[in-house]
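Working notes, structure below.
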Amino acid sequence: MMLSRPKPGESEVDLLRFQSQFLEAGTAPAVQLVRGSRRRGDTHPDQLPAQDHRDVVMLDNLPDLPPALVPAPAKKARPSPGQPLLHDEDPEERLNRHDQHITAVLSKIIERDTSSVAVTLPVPSTVAFPPVFCRSRERQGKSAAPGKRSIFAQEIAARRGTENRLSATGEVVPSPDPLQDSAPPQTPSSRDGGSRGFHRSNLVTGKGLRSQAAEQEVQTIHEENVARLQAMDSEEILKEQQQLLAQLDPSLVAFLRSHSRASEQAETKATKEQSPGRPKVPVTEEEPNMSTSTSKPKKEDKLEPRAPALKLPVTPTKEWLHMDTVELDKLHWTQDLPPIRRQQTQERMQARFSLQGELLAPDVDLPTHLGLHHHGEEAERAGYSLQELFHLTRSQVSQQRALALQVLSQIISRAQAGEFGDRLVGSILRLLLDAGFLFLLRFSLDDRVDSVIAAAVRALRTLLVAPGDEELLDSTFSWYHGASVFPLMPSQEGKEDDDEDEEPTTEKAKKKTPKEESRPPPDLARHDVIKGLLATNLLPRLRYVLEVACPGPSVVLDILAVLIRLARHSLESAVRVLECPRLIETVVREFLPTSWSPMGVGPLSSLYKVPCAAAMKLLRVLASAGRNIAARLLSSFDFRSRLCRFIAEAPQELALPPEEAQMLSTEAFRLWAVVASYGQGGDLYRELYPVLMQALQTLPTELSTHPPQPASMQRMASLLTLLSQLTLAASSTHPEPASGSAEVCVSAIPSVTWTQVSGLRPLVEPCLKQALRFLPRPEVWNALGPVPSAGMLFLSAYYRAWSLQSGLCPEDWLQDIERLLDEFLLPLLREPSLGRLWDSLRDCSPLCSPLSCAPAPEALPSLVSLGCAGGCPPLSVAGSASPFPFLTALLSLLNTLVQIHKGVCGKLAAVLATPGLQSYFLQCVAPVPAAQLTPFSAWALRHEYHLQYLVLSLAQRVATLQPEPAANTALHHAVALVLLSRLLPGSEYLAQELLLRCVFRMEFLPEKAAGGPEAADFSDGLSLGNSGDPQCRRGVLLAQACQDLPSIRSCYLAHCSPARASLLTSQALYRGELLRVSSLLLPVPKEPLLPTDWPFQPLIHLYHQASDTPSGLPAADTIGIAMRVLQWVLVLESWRPEALWAVPPAARLARLMCVFLVDSELFRETPIQHLVGALLSRLCQPQVLPNLNLDCPLPGLTSFPDLYASFLDHFEAVSFGDHLFGALVLLPLQRRFSVTLRLALFGEHVGVLRALSLPLTQLPVPLECYTEPAEDSLALLQLYFRALVTGALRPHWCPVLYTVVLAHVNSFIFSQDPKSSDEVKAARRNMLQKTWLLADEGLRQHLLHYKLPNCSLPEGFELYSQLPRLRQQHLQTLPTEVLQNGTFKT
């Protein structure tokens, strides 16, 4: 049986199969294995083993699991066949018996002869240590071989040189030839008799043998080699040489060459010493030509030009170890730094920073002992680049990693503070994040070294927590709705958020889109840094550091600050912080203990088991995120006892540092206020009632302290805010929770009753009066902070709750309101110092000063911050001298009193006539460019809009009760219109109230009663002349619009009201319905609630519905909506033009065109015709027409040419020559607008020309707007001429465009511009020839004799009775045959 041999590609399975087939066949193997003895003399080749023991691998019997890793039993030697192992035999005797043939091996060894070697005794020394090994200067003076040689090899080479010098005098010493470098390599046969012949062997020296035998053996070997070489010619030698070089290892070849070079150099030196009188010849370090090599010298063996000597601080000594070859390139770092290169051009240079994060100037000269020059690139410049710092963070030395992170943290801190300014190109933060700095910090948090972890945590805090943000939010907590803030998250623009308005916020937090779950952390971090960090399991790592590592106080505070920033990001992030296993438990257990040891003097060594205000603040920020989180905190972590622990004792009684105790007590009050804003935690009020009363009684004492302490004032304001929320809780309505809502069900029975809070006013009111005494003293008033504002807000909440008590007599609170007015408010309103606050509104307003809300220097879209680095200026909305918090609180109280007691409206109307307020409102409605919506501007504008809304609400209540309109009513209406388009998300209730009570109220339109319609007719008569139809006059239309205001309001409420879910949430927040409040986090401020063109919003909705409904909309609804919108827009255009300043005239024109695109019959309705005509005349006024720009991007419109193309299609299909429709078609065809619009008409919609029968007398703009300047588009001129020649454009079909086209073609054919291109000249000549040869005599006469447009003539233009001389001469230039075919008439 023949078995096939294994083939390439077959696996081990095939080999095992071959083995099994071979064993089954039972055939004899082709090779037999004979196991021989390892000892000599024991081998018997003829004796075969009696039994065949084969090692066959069987996979079937192998176990499935690997063997256990346990010590195996000791192996025992297996005796050889026929020689059993004797256990009692002595091993030494057995070894001696079997090693009997070792002498045969030793007899072949030739030992080294040491008889002639001198034996030297150690030299006695007087020092304790032997001298350091130092090679002789003679050896160091030699040139080192190019290859790397060990010290032992160099010592051997030196000894050979010594032996050569002591050799026989008859030996020939080779002398170098100075001309050999330029001579070509010679073959050995040509050099045998020369000075470089073969006299001795270079490789075989015979060293180690006896002296006589060594010389004889070496000479014999050398003669044999020379004889063999002489028997070969040069070609054979070269061939053998190449063959040897191809076979030998290149390293061996290099070794042989270096050995030959060292020998020859030693011989050369010996020759020089033996011949002192011989002239010295310079010996190069080039490799000598060897007889066995004809290849070219290596590149590195060639002579290099001598480098200039380096100025080293220490000169290398030849006795130094490993300094026989001085490598100057590696000693550059030891010399002095080169001089700093002065920048001669504007070329950008790499930024370098000091160890404190300071940006160093490129030419700054700093000493080297500062440690700023330890880098390779640009060694003369001090400081480190970002790339070098990143490289240092990957160092194996923990101190270097920590140092790099600290420097990067300092750089980020200075960049956020704006210290770098415009000295750097681009953003430092953006560059760091793009380079992966975020994940570098995350990796550093996983380090095992505490210092690196501390540096990483500090850098993470510096990156995430912008300086000043938390201070700003804390200081404004007691403002009017100051606890409600926008989430610090990027505005994610996506389709997934468009349809989620009706979804509760808590459900959004628990739901993640599939895309977000599958996106990697770097992709998430590119759009949202916080989400990218949370995706890297940051929270468990921070919990581990707090729970296991137990870092120092600074690291603990940094981690708590990072957690607070994560909780402010969004509800989802707050939930993840709360649900991280053991994170909140660790924070509460370690940093909010109920008992602790008294603190000593000086900084704390550890914050563990010590109360920390930052931990309390973290719980407060978490509770602000949602009602559910607040309920979970309240019911777990032993929260009630801890809250009672820190509120029950005064700050000075806590065994803590005074400042920390004040902050801890303040945060405890704020946390309770947040919980109370959801209607929770009322039972704590009953337990801590005596404590709160005692705290209220101490307020006058604290207010009398001069100067007021900021921490104490913040604690006092937080206490008043807490009492305000508890008072509102006593009056809240208690609705049933919505079905399917995830909110925690609360009891319908209020936890706080009116009787429990009714006694608070007598304690708070005196404190407020005491604080208001400092109003004339600005320095003390500013130091009070939010205390007066919090007191005013408490009174507002108190009277609102009092008025809602059904079981009490209304006469009681009405009389108390009158008492409050007479004793407190009216004297305050007459205070001159209050006028100073009204006058400072303009200076502190972000609306009047848009630059105050400019983005931070290092603002990033993916990392949102308020950008309050360095604090806010005093004259700003959040500054210490800001009037907004107190005036807003005062207006809130006045609105509450007016709402309860309408009889006091007349007494409070004087507030609306304040000069400072009027000046501020005039500035607010002035046409200024809208400020960019940044996180800080959204926060600041929200508080400013609160003040404006409260003023308008008060003005509405006063205007309703006053018979005569006030002088500033129109200004208030203009402010209401502008404010409606500026309100941000979260203020849906305010927008709804403005639509209901202010915008469409007749009381805010005093022009109706003051002869406004008649004045409009008179103005139109002066500018446009008397209209034929009295019903289409603007005055009549305005009067009708005023009568239809209720219908107009209903139309806008149906189309401009916010989503119901958002409206209910905002309503609960502003009306104090605590049980409906789901969260204190407002929606993300992507954009204002309503667009700037909100007056056109119903018309735009109607246009989109018509586009989506091919069958058409009901005629009644369409006409009603369109008419109400046009009426309201006409009112605004006539009486409130400032409300439409934000809408460009081109956008208004586009909205009017939508009226014709909605339906094929809508524009035929008489009211629509009258209203559109009136609005079109307003757009074509001389002062408005220059601002009509159709070439710029328009809001809400992707492309005006596309809209105009659709408009032409619709006109061609359904217009039937309607003049108003035609006027809108002609308006964009003016010469100053884009040629694309005219090309669309004359190129793709030529059929429109047949229906554009608008007379020249009804053209809304002057005809010169179409004819001047002359047309310069050759393609359009050719289309013009084609339309005339083909008859598509005729004077009785389209008189306006006929005149326009005639003017442009006539100007073109008679133009003689020498700068025209050849193509234009050829087209002009061709067009003139065709005009001369026209068969239509009338058209030919018009084209040649056109003079200028004149709308008073029936044809619309004048003709020359006789052509000017220049034109006649120009016609004479035509070819003779052309002139003969036509008749030349002048």
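Predicted model only: the values in this text are computed from it and were never measured. Any value given below was found using the heavy atoms of this structure, including those in side chains, with hydrogens, waters and symmetry copies removed.
If you check the side chains of S641 and D638, you find a donor sitting under 3.5 Å from an acceptor. A donor atom on one side chain and an acceptor atom on the other are not found under 3.5 Å apart for S409 and R458.
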- Task: Starting from the C-alpha separation in whole Å, work towards a yes-or-no answer on side-chain contact (heavy atoms from CB on, under 4.5 Å) for L472 and W939.
- Result: CA-CA 10 Å; L472 174 66; W939 179 89; 3.7 Å; yes
- Is there a side-chain contact (heavy atoms from CB on, under 4.5 Å) between L566 and L538 once you walk through the steps? CA-CA 11 Å; L566 296 179; L538 174 67; 4.2 Å; yes
- Would you please test R670 and S718 for side-chain hydrogen bond (donor to acceptor under 3.5 Å, both in side chains) and show each step? CA-CA 6 Å; R670 289 173 180 171; S718 302; 3.1 Å; yes
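In this structure, the side chain to side chain contact (heavy atoms under 4.5 Å, CB included) partners of A711, at least two apart in sequence or on a different chain, are Q662.
The distance between the ring centers of Y1070 and H481 falls below 6.0 angstrom. Note: F886 and W781 meet the aromatic proximity criterion, with ring centroids under 6.0 Å apart.
Screening residues 689-712 for ring pair (Phe, Tyr, Trp, His ring centres under 6.0 Å), with sequence neighbours left out, gives Y685-Y689, H706-F774.
Exactly one residue among L618, V577, V588 makes a side chain to side chain contact (heavy atoms under 4.5 Å, CB included) with L583. That residue is V577. The one candidate from T666, T705, V787 that meets the side chain to side chain contact (heavy atoms under 4.5 Å, CB included) condition with M713 is V787.
By the 6.0 Å contact criterion, CD on E471 is enclosed, its count of non-hydrogen atoms from other residues, nucleotides or ligands being greater than 12. At most 12 heavy atoms of other shown residues, nucleotides or ligands fall within 6.0 angstrom of atom OH in Y544.
Distance CZ/F794 to CD/Q725: 12.0 Å, rounded to 0.5 Å.
Between S478 and T721 there is a side-chain heavy-atom pair separated by less than 4.5 Å.
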